[in-house]
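Contents: one structure, followed by commentary.
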Amino acid sequence: MGLFTIIRKNRQKEKEMRILFLGLDNAGKTTILKKLNGEDISGISPTLGFNIKTFVHRNYTLNIWDVGGQRTLRPYWRNYFEQTDALVWVVDSSDRMRMQDCREELHSLLLEDRLAGASLLIFANKQDLQGSLTSAEIRNALGLLSIKSHHWKILPCSAVTGENLVEGLDWVVDDVARRLYYSTAIGDTAPHPTFKPATISVS
C-alpha cells in the first residue's frame, strides 16, 4: 500500500478540510467568516496577523485560516500554504483602483507548489455597494479564464447581506470532497442542508 493511499484513507476518516482565505486588505475576508458564523459584523478591525475559524458544515470540519492582506503582510502568506485544500480569494468589487494589484497577487499565488491542485473560489464581495464591478467584469479584470492550473469558480457576494456566502462554501466543500474523498459523501444532485454555524470557534 502506497503512502498516497494511506494519506487518502486518513483524510477519509478525519473528514477535515483546510481552507485559506486571502485577498487584499479591506476585501472583507473577516466579515465574511463572521457572517457565516452568525457573529456581529459591526466594528471589524483590520486583521494584523491571522484568525482561525472552525466550521462544521455538511459533515465536514472546515479549518479556515483568515490572513491579513496588507502589503507588508503579504510576504508572510507563504507561511500558511501547507496542506491547503482550497483557496478562497476575496475581492473588493468596489475597489477599481487596485484590481490590477489584486490580479497580480492572485496569479503569483497560483504559481506556489504548495497550493497546486487546491480548489479556488473567488468571492466578488461588496456587491451591495453601488457601482461595484460585476462578477463578469472581475473575471475579466483578474484574467480568470487564463487559469488552467486550478479548478475555479467566481461568485458575486455580500458579506453584509450574506448573499451567496453559503453557496460559495458549498461549492468549496463539493470540489474538495470530489478530489479527496472520491465523491462518496456528496452527490451533484443531492439537496444541500441548511448551513449551521460552527460548533467550534477560535479567533
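All residue numbers refer to positions in the sequence shown, counting from 1.
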Using a 4.5 Å cut-off on heavy atoms from C-beta on, say whether the side chain of [Y] contacts that of [X].
X: H57; Y: L169; value: yes
X: V67; Y: Y76; value: no
X: I154; Y: I138; value: yes

field: ring pair (Phe, Tyr, Trp, His ring centres under 6.0 Å) contacts in which one or both residues fall within residues 96-133, not counting sequence neighbours
entry: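 Non-adjacent pairs meeting ring pair (Phe, Tyr, Trp, His ring centres under 6.0 Å): zero.
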Residue pairs involving residues 151-170 (criterion ring pair (Phe, Tyr, Trp, His ring centres under 6.0 Å); sequence neighbours excluded):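 Counting only pairs at least two positions apart or across chains, the ring pair (Phe, Tyr, Trp, His ring centres under 6.0 Å) contacts touching residues 151-170 are H151-W171.
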query: Got a sec, which residues hit salt bridge (Lys or Arg N to Asp or Glu O under 4.0 Å) with D175, two or more places apart in sequence or on another chain?
result: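 Partners of D175 by the salt bridge (Lys or Arg N to Asp or Glu O under 4.0 Å) criterion come out as none, since no residue qualifies.
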Side-chain polar contacts of residues 140-149 - donor-acceptor pairs under 3.5 angstrom, sequence neighbours left out - could you list them?
residue : atom : partner : partner atom : Å
N140    : ND2  : A136    : O            : 3.3
S146    : OG   : G143    : O            : 2.6
K148    : NZ   : L145    : O            : 3.2

query: Quick one: ring pair (Phe, Tyr, Trp, His ring centres under 6.0 Å) partners of W77, sequence neighbours excluded?
result: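 Here the qualifying residues are W89.
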- prompt: Between R58 and D170, is there a salt bridge with N-O shorter than 4.0 Å?
  reply: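 Counted as a salt bridge, because a side-chain N and a carboxylate O are separated by less than 4.0 Å.
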field: No-hydrogen, no-angle side-chain donor-acceptor test under 3.5 Å, Q127 and S93
entry: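 Their side chains do contain a donor-acceptor pair, which is all the 3.5 Å distance test asks for.
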- prompt: What residue pairs, at least two apart or across chains, pass salt bridge (Lys or Arg N to Asp or Glu O under 4.0 Å) with a residue in residues 113-127?
  reply: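 Qualifying pairs: E82-R114, D92-K126.
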query: Under the salt bridge (Lys or Arg N to Asp or Glu O under 4.0 Å) rule, what pairs show up with a residue in residues 93-107, not counting sequence neighbours?
result: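 As it turns out, the salt bridge (Lys or Arg N to Asp or Glu O under 4.0 Å) pairs with a partner in residues 93-107, which skip direct neighbours, are D25-R98, R71-D101, R74-D101, R74-E105, D95-R98.
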Cationic tip of K29 above F21 ring, under 6.0 Å, 45° of axis: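 Ring-cation test returns no.
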- request: Nearest 0.5 Å please: distance from the NZ atom of K35 over to the SG atom of C157.
  value: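 One gets 12.0 Å once the value is rounded to the nearest 0.5 Å.
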L121 and its side-chain contact (heavy atoms from CB on, under 4.5 Å) partner, picked from L87, V90, I19, V172: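 Single side-chain contact (heavy atoms from CB on, under 4.5 Å) partner of L121 among L87, V90, I19, V172: V172.
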Contacts of type side chain to side chain donor-acceptor pair (under 3.5 Å), residue S158, not counting sequence neighbours: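 Partners of S158 by the side chain to side chain donor-acceptor pair (under 3.5 Å) criterion, ordered by chain and then number, come out as D128, T161.
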field: Donor-acceptor contact present, side-chain E112 to main-chain L109, <3.5 Å
entry: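 Here the side-chain-to-backbone pair does not exist.
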message: Holding to side-chain contact (heavy atoms from CB on, under 4.5 Å), I want the full list of residues that pass it with A159, two or more places apart in sequence or in another chain.
response: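 Testing A159 for side-chain contact (heavy atoms from CB on, under 4.5 Å), a comparison that skips the adjacent residues, returns T31, I32, N125.
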